[in-house]
Protein chains: 2
Amino acid sequence: MKQYNLGIEATLEILGGKWKALIVCLLMSGKKRTSELERLIPDISQKVLIQQLRELERDGIVGRINYHQMPPKVEYYVTEYGITANKIIDIMCSWGRENIRLRKSQGEDIELLEK
Amino acid sequence: MKQYNLGIEATLEILGGKWKALIVCLLMSGKKRTSELERLIPDISQKVLIQQLRELERDGIVGRINYHQMPPKVEYYVTEYGITANKIIDIMCSWGRENIRLRKSQGEDIELLEK
DNA sequence: TATAATACTTACTTCAAAGTGTGTATTCCT
DNA sequence: AGGAATACACACTTTGAAGTAAGTATTATA
């Protein structure tokens with residue numbers, strides 16, 4: 001039996017992966033192939049990319065289309081449910097942005113790449 | 001130089017600690033002594049409790065009052081800035097609650113202790 | 001013939017967060 | 001004199017997420 005003290009723990013399990021929010025954000029602008037995501041996220045390893053996509057798929061956030069071609073072609077997209085997740089991602093992003101701005105104004109050496 | 005792709009990464013750093021949301025939620029109902037928090041969160045170890053409190057303090061979310069008594073007395077409370085954090089904690093909690101409800105209705109063996 | 005492209009899998013390593021267990025200073029109480 | 005209570009510190013171990021590196025199957029193309 002899995003137990004949570006607060007709902008936030010489930011949120012963190014689903015969206016807390018190091019690259020998950022970024023993946024979902026990128027997919028929000030349209031479905032993408034694995035190789036496209038690799039190019040868009042240069043610092044992620046192939047293994048971790050696939051892993052996070054599998055978990056996002058298992059949690060119903062993204063969907064997967066296999067074209068059964070050779071060489072392989074697979075595409076990922078954000079599901080309807082994933083769009084509700086994107087809404088909290090947005091909120092978490094904006095609070096975090098504010099926090100970074102604050103810390104930066106206090107002299108911390110930090111940078112936000114996001115536009 | 002610390003770099004973030006998205007604002008959410010800062011949010012996760014600040015609120016992603018295993019017990020942080022719970023601590024902040026408990027402190028929202030009024031300031032509390034270390035020993036009270038220990039009793040309210042039976043599964044946390046003393047070391048980790050202190051650690052998370054220190055980090056929340058460093059990040060401006062909670063404040064600390066030392067009464068300089070013997071035996072020691074210290075109290076923690078949520079700062080003004082911490083209250084803005086509590087707002088996203090709430091949102092993350094409600095999305096997570098919904099997610100748990102969904103998974104439970106699909107037969108998963110999970111439980112939410114939060115009322 | 002052999003190299004490229006694609007979407008993976010598998011084995012192994014690294015690292016930081018979390019957990020475990022013990023110790024400390026001081027005062028009150030019995 | 002001995003024990004309880006409080007808020008820690010310190011050293012060590014465990015765990016899981018992430019990172020690294022290599023390998024696989026299939027087809028097209030030079």
Side-chain angles (χ1 to χ4, degrees), chain A residues 2-6 8-24 26-27 31-59 61-77, chain B residues 2-6 8-24 26-27 31-59 61-77:
Chain A
K2 190 144 218 171
Q3 284 186 327
Y4 301 94
N5 287 303
L6 302 175
I8 195 179
E9 292 163 21
T11 302
L12 291 173
E13 272 189 24
I14 294 172
L15 303 177
K18 186 161 177 192
W19 305 97
K20 286 182 182 175
L22 185 53
I23 292 171
V24 173
L26 290 171
L27 290 181
K31 60 183 174 7
K32 290 187 175 44
R33 300 184 62 173
T34 316
S35 50
E36 292 184 78
L37 288 171
E38 280 184 56
R39 269 174 238 121
L40 290 166
I41 317 174
D43 286 348
I44 199 174
S45 69
Q46 215 180 25
K47 185 204 106 181
V48 173
L49 172 62
I50 304 290
Q51 200 172 277
Q52 309 253 312
L53 283 168
R54 290 261 181 288
E55 289 171 13
L56 288 169
E57 196 192 351
R58 178 202 61 198
D59 294 329
I61 310 297
V62 311
R64 192 182 110 104
I65 308 164
N66 188 342
Y67 290 89
H68 296 292
Q69 295 178 359
M70 197 57 64
K73 177 174 177 183
V74 166
E75 282 182 330
Y76 294 92
Y77 62 94
Chain B
K2 191 145 217 170
Q3 284 186 328
Y4 301 94
N5 286 303
L6 301 174
I8 195 177
E9 291 163 22
T11 302
L12 291 174
E13 270 188 24
I14 294 172
L15 303 176
K18 186 161 176 189
W19 305 96
K20 286 181 182 175
L22 185 52
I23 292 171
V24 174
L26 289 170
L27 291 180
K31 61 182 171 8
K32 290 187 177 45
R33 301 185 59 173
T34 316
S35 50
E36 292 184 79
L37 288 171
E38 281 183 56
R39 271 175 237 119
L40 291 167
I41 318 175
D43 286 349
I44 199 174
S45 70
Q46 213 180 27
K47 186 204 106 182
V48 174
L49 173 62
I50 304 289
Q51 200 173 278
Q52 308 254 311
L53 283 168
R54 290 259 182 288
E55 290 171 12
L56 287 168
E57 197 192 350
R58 179 203 61 197
D59 293 329
I61 310 296
V62 310
R64 193 181 110 106
I65 307 163
N66 188 344
Y67 289 89
H68 296 290
Q69 294 178 358
M70 198 54 67
K73 178 173 176 183
V74 167
E75 282 182 328
Y76 294 93
Y77 62 94

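Lettering follows sequence order; numbering is per chain, from 1.
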A:Gln51 CD to D:dT20 P, in whole Å, measures 13 Å
By nearest-nucleotide position on DNA chain D, the 5'-leaning member of B:Arg64 and A:Gly16 is B:Arg64
From the candidates C:dG19, D:dA7, C:dA5, the one with an atom nearest any side-chain atom of B:Trp19 is C:dG19
Quick note, A:Met70 side chain, CB onward, closest among D:dT26, C:dG19, D:dT6 is D:dT26
message = Is B:Gln46 close enough to D:dA9 that one of its side-chain N or O atoms is under 4.0 Å from OP1 or OP2 there?
response = no
- [ ] With the side chain counted from C-beta on, respond yes when A:Thr34 and A:Tyr76 share a heavy-atom pair under 4.5 Å apart, and no when they do not.
- [x] yes
In whole angstroms, the gap separating P of D:dC8 from CD1 of B:Ile65 amounts to 12 Å
Any side-chain N or O of B:Thr34 less than 4.0 Å from the OP1 or OP2 oxygen of D:dT6?
-> no
Are B:Leu37 and B:Leu53 packed together at the side-chain level, in the sense that at least one heavy-atom pair is separated by less than 4.5 angstrom? yes
Side-chain contact check for A:Arg39: nearest option of C:dT20, C:dT6, D:dT20 is C:dT6
Here the distance between atom P of D:dA4 and atom NZ of B:Lys73, to the nearest Å, is 23 Å
Has A:Arg33 got a side-chain N or O lying under 4.0 Å from the OP1 or OP2 atom of C:dT6? no
Here the distance between atom P of C:dA16 and atom CD of B:Glu13, to the nearest Å, is 13 Å
When rounded to whole Å, the CD to C1' distance for the pair A:Glu57 and C:dC8 reads 13 Å
*Do the side-chain N or O atoms of A:Lys47 get closer than 4.0 angstrom to the phosphate oxygens (OP1, OP2) of C:dA11?*
no
*Has B:Tyr76 got a side-chain N or O lying under 4.0 Å from the OP1 or OP2 atom of D:dC8?*
yes
(Q) For a quick test of reading the model: is some side-chain N or O of B:Ser35 closer than 4.0 Å to OP1 or OP2 of D:dA7? (A) yes
So B:Leu40 and B:Lys32, do their side chains get closer than 4.5 Å, heavy atoms only?
yes
For this session: Answer yes or no: does a side-chain N or O of B:Gln52 lie under 4.0 Å from OP1 or OP2 of C:dA18?
Result: yes
Between CD of B:Glu9 and C1' of D:dA18 the distance, given in whole Å, is 14 Å
Closest to the side chain of B:Val74, out of D:dC8, C:dA18, D:dA18, is D:dC8
With side chains defined as the heavy atoms from C-beta onward, is the minimum distance between B:Pro72 and B:Met70 less than 4.5 Å?
yes
Result for 5'-nearest mapping on DNA chain C, choosing between B:Lys20 and B:Pro71, is B:Lys20
Heavy-atom side-chain contact between A:Leu49 and A:Glu38 under 4.5 Å: yes
### Query
Does A:Arg54 have a side-chain nitrogen or oxygen under 4.0 Å from the phosphate oxygens OP1 or OP2 of C:dT9?
yes
Taken to the nearest whole Å, CG/B:Leu53 to P/C:dA18 is 13 Å
For this session: State whether the side chain of B:Glu9 and the backbone N or O of B:Tyr4 hold a donor-acceptor pair below 3.5 Å, judged by distance alone.
Result: no
To the nearest angstrom, the CD1-P distance between A:Ile50 and C:dT9 comes to 7 Å
